[in-house]
Number of protein chains: 2
Amino acid sequence: MEGYESCIVRHFSYYYELSEDDKALLCTLEQSPMTVEAGSTLWKEGDDAKEFCTLKKGWAYSYRFLENGSRQLVELYLPGDIIGLREFAFTQRLAGVEMVEDGEVCFFPHQHLLDLFRRSFVLTSILFAIASRQQVLITERLVNLARRNARQKLAHFLLEVSQRLLQTQRGSLSGSFHMPLSQELFADLLGLSPVHVSRTFSALHEAGLVHRERHHVTLLDLPALKREADFDERYLIDNMRPLFTAYPVSATRPADSAVETPPTPFWPGGRGLIAKR
Amino acid sequence: MEGYESCIVRHFSYYYELSEDDKALLCTLEQSPMTVEAGSTLWKEGDDAKEFCTLKKGWAYSYRFLENGSRQLVELYLPGDIIGLREFAFTQRLAGVEMVEDGEVCFFPHQHLLDLFRRSFVLTSILFAIASRQQVLITERLVNLARRNARQKLAHFLLEVSQRLLQTQRGSLSGSFHMPLSQELFADLLGLSPVHVSRTFSALHEAGLVHRERHHVTLLDLPALKREADFDERYLIDNMRPLFTAYPVSATRPADSAVETPPTPFWPGGRGLIAKR
DNA sequence: CGTCTGCTTGATTCCCGTCAACACCCGTGG
DNA sequence: CCACGGGTGTTGACGGGAATCAAGCAGACG
């Protein structure tokens with residue numbers, strides 16, 4: 001750990017400043033990294049769900065198969081992400097997870113998360129924030145899949161990845177990045193056929209909006225793309241500092257005096273918000 | 001509260017037995033219920049996000065508007081659900097919430113959740129389980145929207161609601177229930193046009209799979225419907241007792257001795273799961 | 001009894017899936 | 001050096017599922 005700041009620490013720090021204790025606690029989740037090859041399976045639908053996994057290097061995705069043989073990608077994981085949070089309350093995996101490219105992952109059992117709940121109030125809160133952010137991400141993708149046409153879907157997805165990389169990968173240039181996905185993966189991700197992904201990419205290229213060669217993508221005209229995709233990055237850029245600053249916490253587990261603090265008084269009504277449609 | 005068991009307590013109890021202390025703590029979230037009319041707005045996209053809200057009575061839904069004027073429902077809330085968890089890490093609402101029918105809700109500030117993190121390990125864990133379950137629900141809906149045709153979408157949705165009601169509403173008969181949604185809401189929920197919802201309902205009716213009149217739905221042939229929709233209720237029926245029994249907890253906040261328990265030792269490797277595609 | 005809202009049904013259009021042929025890249029082996 | 005083959009991306013022709021537009025219908029309610 002000397003000199004090297006782990007992905008997960010960086011990820012958590014994005015939400016709130018961590019004490020050294022918290023950092024250490026967090027790092028216990030990242031023991032024993034193991035390398036995994038491109039295309040390897042971390043787990044399959046139906047496997048026992050007893051662990052989470054942090055992604056240190058490489059991209060990964062979770063997916064579901066359907067009866068008709070098609071496949072839908074559920075989530076795309078970038079370095080620093082936690083994989084498998086979804087199955088915390090479940091005994092079986094509900095989706096498989098595969099690596100897009102060679103990478104490094106660290107498994108840790110569900111119980112470690114419970115330990116974390118006991119030991120660190122700040123980490124608990126951040127973890128909850130991460131879970132809620134993940135939900136927001138999925139929600140946005142849901143809207144994308146349900147209501148937009150192929151062009152918008154693709155544009156939106158490219159913008160999402162670009163923004164996420166910007167936040168987690170220091171120094172990546174906005175709008176130009178490595179994109180190791182095959183068009184088949186794009187298809188499974190966006191609910192399209194591979195053929196149509198190709199066509200749509202061409203269309204965006206002809207419109208001068210994106211440039212792509214091999215596995216590298218450049219977004220040429222971000223404002224136009226955002227307009228096209230109805231993209232609003234606010235859903236990706238929030239954090240929880242405002243919450244904590246409104247209600248300060250000691251960075252470590254609160255002393256008993258703090259614990260005895262009564263909950264903030266019942267919220268005083270007078271909403272005025274409730275309005276008939 | 002005397003004699004009456006609140007929805008939220010019942011909801012949490014589904015995951016794990018609650019101590020009296022926990023029940024009391026939980027009930028502080030449900031102070032000051034207020035009645036809300038059908039069609040009223042709890043909040044709109046872009047509003048400040050400082051509170052959650054528990055739904056005591058009536059159905060509600062969250063939604064997003066798109067640039068082109070169409071609308072996508074994101075989540076459907078039934079009595080006992082917590083509304084707004086998604087925005088825990090955000091300062092603004094990312095989706096609006098409206099009531100389907102007359103009901104009762106209880107607002108409580110985000111900070112109350114932080115108090116809960118400090119005070120009850122069990123409630124924290126359950127809350128996390130609820131959040132993860134919500135994510136699973138959205139994920140399933142995402143797959144539904146992305147990959148299935150209108151018939152399957154509708155069938156799947158009806159099955160989902162049926163199953164959820166079965167779990168939270170005691171004594172509701174499986175496969176026959178009150179369904180207060182207009183076809184326009186179905187459309188916004190399933191990513192279809194209202195016209196096509198009507199056609200699809202007719203098709204399912206003709207096939208002898210569902211019966212519907214006014215706002216009451218009966219699922220006539222559950223096995224056939226499940227086959228049709230590729231529906232697997234496992235994603236809805238798990239809970240977290242296995243996790244806790246594998247790693248018992250005192251029901252109240254752990255004594256210091258418990259806190260000092262070292263985290264379970266680093267997970268011992270030997271996966272054997274990692275396989276090349 | 002008239003009006004309003006929500007549901008149904010028909011005709012037409014269009015986006016995207018499917019099928020199929022072909023180009024391309026790259027590693028292998030002769 | 002070229003031939004070969006598999007995986008991946010491109011392009012065209014065709015068809016189908018669902019959107020859209022529009023008109024008719026049925027309750028609900030004043």
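Here is the naming used below: chain letters follow the sequence lines, and residue numbers restart at 1 for every chain.
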Does the side chain of Thr54(A) pick up a donor-acceptor pair with the side chain of His11(A) at under 3.5 Å?
-> no
Using the salt bridge (charged side-chain N to carboxylate O under 4.0 Å, His left out) rule, collect all pairs that involve residues 180-205 of chain A, keeping only residues at least two apart or in two chains.
-> Arg71(A)-Asp188(A), Asp188(A)-Arg147(B)
Partner residues of His211(A) under the ring pair (Phe, Tyr, Trp, His ring centres under 6.0 Å) criterion, sequence neighbours left out | His205(A)
Lys153(A) with Glu140(A): basic N within carboxylate O range, under 4.0 Å | no
Can you sort out the partners of Tyr77(A) under ring pair (Phe, Tyr, Trp, His ring centres under 6.0 Å), two or more places apart, ordered by chain and number?
-> none
With Leu209(B) as reference, evaluate Leu158(B), Leu222(B), Leu220(B), Asp221(B) under the side-chain contact (heavy atoms from CB on, under 4.5 Å) test and give the passing residue.
-> Asp221(B)
Derivation and outcome, salt bridge (Lys or Arg N to Asp or Glu O under 4.0 Å), residues Arg133(B) and Asp81(B) | CA-CA 11 Å; Arg133(B) 193 188 114 114; Asp81(B) 283 342; 5.9 Å; no
Distance, rounded to the nearest Å, where Glu213(A) contributes CD and dC24(C) contributes C1' = 15 Å
Mind calculating the distance between NE2 (His205(B)) and P (dT8(C)) to the nearest angstrom?
-> 10 Å
Glu228(A): salt bridge (charged side-chain N to carboxylate O under 4.0 Å, His left out) partners, not counting sequence neighbours = Arg151(A)
May I have the distance from Phe201(A) (atom CZ) to dT10(D) (atom C1'), rounded to whole angstrom?
-> 14 Å
With sequence neighbours left out, what residues match Arg86(A) under salt bridge (charged side-chain N to carboxylate O under 4.0 Å, His left out)?
-> Glu75(A)
Using nucleotides 14-16 of chain D, report all nitrogen or oxygen pairs with the protein that are shorter than 3.5 Å.
none

Between C1' of dC16(C) and CG of Leu190(A), the distance in whole Å | 13 Å
Would you jot down, in residue-number order, the residues of residues 140-156 of chain A having a non-hydrogen atom under 4.0 Å from DNA chain D?
-> none
How many Å lie between NE2 on His196(A) and C1' on dC19(C), as a whole number?
-> 16 Å
Please enumerate all protein N or O atoms sitting under 3.5 Å from an N or O of nucleotides 5-7 of chain C, with distances to 0.1 Å.
residue, atom, partner, partner atom, Å
dC7(C), OP1, Gln183(B), N, 3.4
dC7(C), OP2, Gln183(B), N, 3.3

Which residues satisfy the side-chain hydrogen bond (donor to acceptor under 3.5 Å, both in side chains) test with His215(B), sequence neighbours excluded?
-> none
Residues passing the salt bridge (charged side-chain N to carboxylate O under 4.0 Å, His left out) test with Glu45(A), sequence neighbours excluded, are Arg64(A)
State, without any angle test, whether Tyr61(B) and Glu98(B) hold a side-chain donor-acceptor pair at a distance under 3.5 Å.
-> yes
Considering only side-chain heavy atoms of Ser202(B), which listed nucleotide, dA18(D), dG17(C), dT9(C), is closest?
-> dT9(C)
Mind checking what makes ring pair (Phe, Tyr, Trp, His ring centres under 6.0 Å) contact with Phe201(B), not counting sequence neighbours?
-> Phe186(B)
Are there any protein N/O atoms within less than 3.5 Å of an N/O atom in nucleotides 21-27 of chain D, and if so, which ones and at what distance?
residue, atom, partner, partner atom, Å
dG27(D), O3', Arg214(B), NH2, 2.6

